[in-house]
Amino acid sequence: MSKETPILAVENLVMHYTTRKGDVSAIDGVTFSLEKGHSLGLVGESGCGKTSIAFSLMRLLPDNAKIKQGSIFIDGEDIITMSYDQLLKFRWRKIAMVFQAAMNALNPVYTVGDQIVEALDLHDMIKNKAEAEERVAELFELVGLDPALMHRYPHEFSGGMRQRAVIAMALSCEPDIIIADEPTTALDVIVQDRILREMKKIQQKLGMSMIYISHDIAVIAEVSDHIGVMYAGRMAELASGVDIFERPLHPYTYALMRAFPSIKGEKHDLTTLPGEPPDLLYPPTGCRFHPRCPFATDICKEKQPPFENVGGEHYVACWHPMEVHNDHH
Amino acid sequence: MTTTNSPLLKVSGLKKYFPVGGGFLRKPHNFIHAVDDLNFEIPSGGSMGLVGESGCGKTTTGKLLVRLYEPTDGHILIQDEQGNLEDIAYRKGASMKAFRRRVQMIFQDPYESLNPRRTIYDTVAEPLAVQGIGNISEREERVATLLERVGLTPATSFMFRFPHELSGGQRQRIAIARALVVNPSFIVADEPTSMLDVSIRTGVMNLMMELAAEMNVSYLYITHDLAVARYMCDTIGVMYLGKIVEQAPTEELLHQPQHPYTRALISAVPIPDPRIKRQVIDIKGGISAPIDPPPHCRFYARCPLADETCRDRPHPPLQDKGNGHLVACYKV
Ligand SMILES: Nc1ncnc2c1ncn2[C@@H]1O[C@H](COP(=O)(O)OP(=O)(O)OP(=O)(O)O)[C@@H](O)[C@H]1O
Ligand SMILES: Nc1ncnc2c1ncn2[C@@H]1O[C@H](COP(=O)(O)OP(=O)(O)O)[C@@H](O)[C@H]1O
Ligand code: SF4
Ligand SMILES: [Mg+2]
Ligand SMILES: [Mg+2]
């Protein structure tokens with residue numbers, strides 16, 4: 001089985017934030033990869049480290065963040081050991097990001113079009129003004145905005161329109177990979193649906209690779225062919241979307257899926273988990289899920305379960321994966 | 001418990017208009033029709049979900065029902081202790097206070113809705129103090145019982161802490177305890193779990209349902225999430241720009257939606273299962289604010305079914321299509 005080298009490969013990434021109270025273990029040994037043209041969804045509750053991973057991939061971490069270990073290969077090159085000059089060539093061109101709540105981050109005093117032109121100019125993507133306008137018009141059309149709107153200001157845009165503009169900005173340097181961090185979380189469902197469909201279309205058209213980040217497993221299920229379930233700074237499980245739903249192996253994945261109500265199918269009771277996600281200043285020993293896990297045993301408290309391949313593209317980090325329980329009962 | 005045929009709550013012709021554009025010494029010339037002629041009932045022990053996109057008037061409706069707002073027009077009838085319906089739409093003073101004992105509200109943001117300078121005990125006991133119910137030791141006992149019931153055990157370890165020491169989920173449990181402490185018959189819950197993470201949210205949702213059943217409390221559950229409304233409510237009303245455009249028993253509404261807006265809304269909900277493919281019904285345009293809306297159907301400008309009859313007639317009334325399925329549309 002020969003395979004192309006993945007466009008992105010993250011290996012055993014460890015990242016801490018230094019704070020007055022101590023180190024926050026925000027990413028602790030995360031490994032995953034992304035094939036060209038594919039989409040990966042990272043799902044997990046707030047504080048589990050999703051945005052931290054995104055910022056690591058962009059090498060846009062705040063000053064108190066420190067990558068302790070691991071590598072991030074983008075198109076075969078490790079961006080962690082890369083020089084700053086080289087990094088500048090990678091960021092936005094190879095990998096770009098739509099930030100969480102980005103729609104509120106547009107500068108109110110410039111027109112939306114001018115802000116995109118600035119991004120283009122910064123990366124030498126355009127030669128003159130005429131070319132700039134043409135390119136902005138193209139980008140607007142790509143994300144489903146009327147090009148006539150490029151001379152308007154952000155406050156004249158609805159939330160959905162602003163989010164589209166931000167996506168256009170991320171697309172402006174024609175990156176190979178786009179990370180979308182909670183791209184639709186603040187939007188109403190009809191607008192969300194339109195934008196997600198638009199993004200999927202653009203991805204296919206341009207052959208891009210996508211990383212979607214969301215706390216909402218329904219959104220992730222819609223747009224990603226692979227899903228990584230994160231818990232407390234670690235990847236609990238990683239598999240194709242269908243495998244995650246048909247054969248969830250990690251007790252957290254299983255619980256997460258039984259905790260989301262759906263409007264389709266039979267109405268079923270929603271399961272609850274005891275307790276709350278841990279504070280990553282004081283992460284639990286062993287498996288970080290053990291204080292809330294119904295299957296935890298002594299080994300779970302003592303030793304971190306390895307992130308192991310269980311066949312195909314399915315990975316899980318658990319001492320007692322679910323299928324075993326299912327077989328027994 | 002006595003069962004009566006009359007509903008616990010009956011709303012008719014309820015309106016709330018907010019002035020816009022006015023200012024100092026200047027009369028407003030325009031009004032946002034935030035809530036515009038609502039008519040619905042909730043039976044004793046029943047639960048209704050109010051769903052719709054941002055700005056459609058859900059919170060305004062909730063605040064009218066608990067009388068944090070005075071209506072512009074209309075009636076809010078609610079059962080008194082004897083089971084008679086009384087209109088509280090324009091109540092003031094002492095008779096308002098008696099009503100406050102029967103109707104409570106839970107808010108969306110657990111970080112803003114609790115006073116940061118009050119202990120948990122003071123927060124939960126406040127409605128008892130306002131109503132003059134019980135003496136100090138009785139109040140303490142009641143608060144302790146409720147704290148334990150909402151899962152904050154042991155109560156004594158929570159009572160004298162402050163909200164900032166608690167997580168979002170714990171705060172919403174406090175808000176639930178506070179709402180229930182006076183034994184109300186009706187609660188408005190405005191997106192009480194939308195800021196909580198899933199693994200915590202489910203517990204709060206289940207708790208609310210259990211307690212409502214146990215204490216025979218009816219509720220209006222406001223949410224923008226249809227799946228949550230399905231889980232929590234017997235009936236669902238769909239709001240669009242100040243109007244309820246469709247209302248039906250929950251499963252009926254989700255499986256046989258009739259109003260073109262409801263159909264579009266349901267079709268846009270992502271499904272947490274990649275094996276299920278949705279049928280997409282796209283509608284043009286976006287939601288706006290209902291400032292002095294034209295008299296025809298509120299959905300006219302975006303509706304895929306609209307024609308001249310919709311343009312030339314007033315906003316369609318809710319019509320019963322059988323089985324308590326109400327739809328406001330000339331074309332279905
Ligand atoms: N106090 C107020 N003064 C003026 N306008 C208001 C006021 N409260 C609400 N509105 C307007 O009334 C309409 C309905 O608002 P409301 O808060 O009830 O919506 P909602 O359905 O609860 O929305 P969301 O889902 O965003 O909470 C909106 O257009 C809003 O801007
Ligand atoms: N700049 C920072 N300094 C210190 N801790 C941080 C910082 N940013 C995030 N964290 C912490 O790191 C963990 C992961 O956060 P984040 O990556 O934002 O998670 P998510 O995006 O999944 O909600 C959390 O415990 C969060 O509180
Ligand atoms: S390793 Fe143990 S505690 Fe962790 S998820 Fe598996 S069974 Fe639960
Ligand atoms: Mg985040
Ligand atoms: Mg609201």
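By convention in this document, chain letters (A, B, ...) are assigned in the order of the sequence lines, proteins followed by strands, and residues within each chain are numbered from 1.
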Using modelled atom types only, decide if a donor and an acceptor are shared between the side chain of A:Lys267 and the backbone of B:Arg230 within a distance under 3.5 Å. yes

Is the shortest heavy-atom distance from the side chain of B:Thr202 to the side chain of A:Thr271 under 4.5 Å? no

If you compare all heavy atoms of A:Ala218 against all heavy atoms of B:Pro270, which two are closest, and at what distance to 0.1 Å? CB-O, 3.6 Å

Show me the donor-acceptor pairs within less than 3.5 Å that the side chains of residues 184-199 of chain A make with the rest of the protein, sequence neighbours left out.
residue  : atom : partner  : partner atom : Å
A:Thr184 : OG1  : A:Gln192 : OE1          : 2.9
A:Thr185 : OG1  : A:Glu182 : OE1          : 2.5
A:Asp188 : OD1  : B:Ser54  : N            : 3.2
A:Asp188 : OD2  : B:Ser54  : N            : 2.9
A:Asp193 : OD1  : B:Arg278 : NH1          : 3.3
A:Asp193 : OD1  : B:Arg278 : NH2          : 2.7
A:Asp193 : OD2  : A:Arg197 : NE           : 3.4
A:Asp193 : OD2  : A:Arg197 : NH2          : 3.2
A:Arg194 : NE   : B:Asp282 : OD1          : 3.3
A:Arg194 : NH1  : B:Gly285 : O            : 3.4
A:Arg194 : NH2  : B:Ile283 : O            : 2.5
A:Arg194 : NH2  : B:Gly285 : O            : 3.1
A:Glu198 : OE1  : A:Arg164 : NH1          : 3.1

Within the supplied structure, the quantity of interest is the number of heavy atoms (other residues, nucleotides, ligands) at a distance under 6.0 Å from B:Glu251 CD; does it exceed 12? yes

Around atom CD of B:Glu165, are there more than 12 heavy atoms of other residues, nucleotides or ligands at under 6.0 Å? yes

Top residue by heavy-atom pair count (under 4.5 Å) with chain B, among A:Ile244, A:Thr272, A:Leu270, A:Leu273? A:Leu270

Distance-only, no hydrogens or angles: does the A:Glu222 side chain make a donor-acceptor pair with backbone N or O of B:Ile271 under 3.5 Å? yes

Cut-off 4.5 Å, heavy atoms of chain B, and the answer for A:Ala259 is both

Region of B:Ile266 in contact with chain A, defined by heavy-atom distances below 4.5 Å: both

Proximal component of A:Leu256, with respect to chain B [non-hydrogen, under 4.5 Å]: side chain

Heavy-atom pair of closest approach, residues A:Glu45 and B:Val198: OE1-N, 3.7 Å

If every non-hydrogen atom of B:Pro272 is compared with every non-hydrogen atom of A:Phe245, which pair is closest and at what distance? O-CE2, 2.6 Å

In B:Leu254, B:Leu253, B:Val228, the residue satisfying side-chain contact (heavy atoms from CB on, under 4.5 Å) with A:Ile263 is B:Leu254

Which residue pairs pass the salt bridge (charged side-chain N to carboxylate O under 4.0 Å, His left out) test with at least one member in residues 225-237 of chain A, sequence neighbours excluded? A:Asp28-A:Arg234

Residues in residues 255-265 of chain B near chain A [non-hydrogen atoms, under 4.5 Å]: B:His255, B:Tyr261, B:Ala264, B:Leu265

Select one option (side chain, backbone, both, neither) describing which atoms of B:Gln170 are under 4.5 Å from chain A's heavy atoms. both

Would you mind reporting whether A:Pro261 and B:Leu226 have side-chain heavy atoms less than 4.5 Å apart? no

Identify which of B:Ser199, B:Ala229, B:Ser167, B:Gly203 forms the greatest number of heavy-atom pairs closer than 4.5 Å to chain A. B:Ser199

Under 3.5 Å, is there a donor-acceptor pair between the side chain of B:Tyr231 and the main chain of A:Phe260? no

Suppose we screen for salt bridge (Lys or Arg N to Asp or Glu O under 4.0 Å). Which residues come up paired with B:Arg275, at least two apart in sequence or across chains? A:Glu246, B:Asp273

